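Following: one structure in structure tokens, then a few remarks.
Treat the numbers as computed from the prediction; the structure is a model and nothing was measured. Lettering follows sequence order; numbering is per chain, from 1.
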Protein chains: 2
Amino acid sequence: MVQFTGQLNNAFSALADDTRRGVLQRLGKREASITELAGDFDMTLTGMKKHVQVLEDAGLVVTEKVGRVRTCRLGTRKLHEEQAWIAQYQAMLEARYDRLEDFLERTRGGDE
Amino acid sequence: MVQFTGQLNNAFSALADDTRRGVLQRLGKREASITELAGDFDMTLTGMKKHVQVLEDAGLVVTEKVGRVRTCRLGTRKLHEEQAWIAQYQAMLEARYDRLEDFLERTRGGDE
DNA sequence: GGTAAACTGAACCATATGGTTCAGTATTGC
DNA sequence: GCAATACTGAACCATATGGTTCAGTTTACC
């Protein structure tokens with residue numbers, strides 16, 4: 001099996017934070033510098049830089065420094081694996097529910 | 001707006017760990033005691049207890065103690081909000097892509 | 001050439017996380 | 001009643017997280 005788990009860990013933990021989810025939505029509207037993002041989320045440059053770093057490590061954001069400003073944009077990661085994991089989990093829940101239904105059906109048949 | 005963000009934080013951070021995702025899949029097959037889970041994941045009882053606590057706080061697992069054994073089962077949380085967040089993010093990416101396409105289309109028309 | 005802007009890195013801080021051990025407590029079964 | 005089982009709680013540990021300040025460095029602009 002490929003090393004999907006590290007990717008899942010990174011992305012899920014990147015998403016487990018208000019500020020970072022906010023930054024993603026903000027970058028959805030328009031690219032932004034660190035300064036802009038720090039302003040929008042009322043945080044120091046250094047603090048925002050760290051969040052951006054986390055998002056970049058998770059592949060959710062790419063940055064490019066030209067001159068003295070670093071521009072942040074949404075990355076290539078589309079959260080397909082994360083979506084797939086959740087979908088598979090839900091399918092499992094469904095299957096369990098079906099088995100329960102089935103069980104109740106058979107039990108009812110036997111009891112009555 | 002309702003306080004969805006705390007739920008998202010809890011669930012995403014609960015999912016950002018191999019062991020915990022493993023426990024969820026394990027519990028999908030069959031309910032289990034803390035001892036069983038600790039054995040399956042080669043961890044102390046106390047360690048596993050903490051993971052189960054995190055999952056329980058996120059609503060992904062419910063536990064019930066009868067006699068001296070605490071049985072763990074999958075909870076009621078179906079990750080719909082998390083799935084929705086991801087879907088909305090992907091929709092945003094799509095929309096951006098469409099706008100880009102549109103832009104390129106218009107630019108090409110003007111340039112050629 | 002000098003000042004301001006934008007970022008960066010190191011250091012620090014408080015708290016959280018993921019694990020352990022150890023010392024209980026409560027239940028079970030002989 | 002006693003030993004073993006199953007869990008629990010406190011304490012501890014190392015490292016990570018989310019933030020700060022402060023002291024640079026680089027770039028832009030008058």
Side-chain angles (χ1 to χ4, degrees), chain A residues 3 5-27 30-73 75 82, chain B residues 3 5-27 30-73 75 82:
Chain A
Q3 198 72 357
T5 87
Q7 282 188 38
L8 285 175
N9 289 354
N10 275 350
F12 278 137
S13 102
L15 293 180
D17 180 277
D18 294 321
T19 303
R20 285 191 296 260
R21 287 196 306 275
V23 167
L24 290 178
Q25 302 207 241
R26 165 66 185 75
L27 292 180
R30 199 174 325 107
E31 62 183 30
S33 68
I34 303 280
T35 300
E36 277 179 273
L37 291 176
D40 289 353
F41 292 88
D42 193 31
M43 189 175 297
T44 58
L45 284 185
T46 313
M48 180 51 72
K49 178 83 183 319
K50 288 192 183 183
H51 281 302
V52 168
Q53 188 65 57
V54 171
L55 290 167
E56 202 165 6
D57 290 345
L60 293 166
V61 159
V62 290
T63 73
E64 180 201 9
K65 186 159 185 175
V66 32
R68 62 184 166 180
V69 21
R70 177 175 297 279
T71 301
C72 309
R73 299 184 187 82
E82 294 67 25
Chain B
Q3 199 73 358
T5 86
Q7 283 188 36
L8 285 174
N9 289 353
N10 276 349
F12 278 137
S13 102
L15 294 180
D17 181 276
D18 294 321
T19 303
R20 284 191 297 261
R21 286 196 307 275
V23 166
L24 290 178
Q25 302 207 241
R26 166 66 186 77
L27 292 179
R30 199 173 327 104
E31 62 183 29
S33 68
I34 303 281
T35 299
E36 278 178 272
L37 292 177
D40 289 352
F41 293 88
D42 194 32
M43 189 175 297
T44 59
L45 284 184
T46 313
M48 181 50 72
K49 178 86 184 319
K50 288 192 184 184
H51 280 302
V52 168
Q53 188 65 57
V54 171
L55 289 167
E56 202 166 7
D57 290 346
L60 293 166
V61 159
V62 289
T63 73
E64 181 200 8
K65 185 160 187 178
V66 30
R68 63 185 165 179
V69 20
R70 177 174 299 278
T71 301
C72 309
R73 299 185 187 83
E82 293 68 26

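Regarding contacts with the backbone of D/dA6, every side-chain N or O of B/Arg70 stays at 4.0 angstrom or more from both OP1 and OP2.
Note: CG (B/Leu55) to P (C/dT17) measures 13 Å, nearest angstrom. Distance A/Asp57 CG to D/dT17 C1': 13 Å, rounded to the nearest Å. Per the geometry, NZ belonging to B/Lys65 stands 10 Å off P belonging to C/dT28, to the nearest Å. Atom P of nucleotide D/dT5 and atom CD1 of B/Ile34 are separated by 18 Å, given to the nearest angstrom. Rounded to a whole Å, the CD atom of A/Glu36 is 14 Å from the C1' atom of C/dA5. Note: CG (B/Leu15) to P (C/dT17) measures 14 Å, nearest angstrom.
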query = Given the rule in the side-chain contact (heavy atoms from CB on, under 4.5 Å) test, do A/Leu24 and A/Val61 qualify, once you have shown the distances and angles that lead to the verdict?
reply = CA-CA 8 Å; A/Leu24 290 178; A/Val61 159; 3.9 Å; yes
request  = Verify side-chain contact (heavy atoms from CB on, under 4.5 Å) between B/Leu60 and B/Leu27, making sure each step is shown before the conclusion.
outcome  = CA-CA 10 Å; B/Leu60 293 166; B/Leu27 292 179; over 6 Å; no
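If you check residues 40-50 of chain A against DNA chain D, the residues with a heavy atom closer than 4.0 Å are A/Met43, A/Thr44, A/Thr46, A/Gly47, A/Lys50, listed by number. Contacts between residues 17-26 of chain B and DNA chain C, defined by a heavy-atom separation under 4.0 Å, are made by B/Asp17, B/Arg20.
Listed by first then second residue, pairs satisfying salt bridge (charged side-chain N to carboxylate O under 4.0 Å, His left out) with a partner in residues 8-18 of chain A read A/Asp18-A/Arg21, not counting sequence neighbours.
Summarising the geometry, atom CZ belonging to A/Arg70 is positioned 12.5 Å from atom CG belonging to A/Leu45; distances are rounded to the nearest 0.5 Å. Put simply, OG1 on B/Thr19 and CZ on B/Phe41 are 7.0 Å apart, with the number rounded to the nearest 0.5 Å.
Partners of A/Arg73 according to the side chain to side chain donor-acceptor pair (under 3.5 Å) rule, which considers only residues two or more places apart in sequence or in another chain, are A/Glu31, A/Glu64. Annotation: side-chain contact (heavy atoms from CB on, under 4.5 Å) contacts of B/Asp40 (sequence neighbours excluded): B/Arg26. Shown here are the side chain to side chain donor-acceptor pair (under 3.5 Å) partners of A/Glu56, two or more places apart in sequence or in another chain: A/Thr63.
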Dump the pairs, protein N or O against N or O of nucleotides 25-27 of chain C, anything under 3.5 Å, distances to one decimal.
| unit_1 | atom_1 | unit_2 | atom_2 | d |
| --- | --- | --- | --- | --- |
| C/dT27 | O2 | B/Arg68 | NH1 | 3.0 |

Nucleotides 13-16 of chain D: which of its N/O atoms have a protein N/O under 3.5 Å away?
none

Side-chain donor-acceptor pairs of residues 47-55 of chain B under 3.5 Å, sequence neighbours excluded:
| unit_1 | atom_1 | unit_2 | atom_2 | d |
| --- | --- | --- | --- | --- |
| B/His51 | ND1 | B/Arg20 | NH1 | 3.2 |
| B/Gln53 | NE2 | B/Asp57 | OD1 | 3.2 |

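Nearest heavy atoms, A/Ala58 versus A/Ala14: CB-CB, 3.9 Å.
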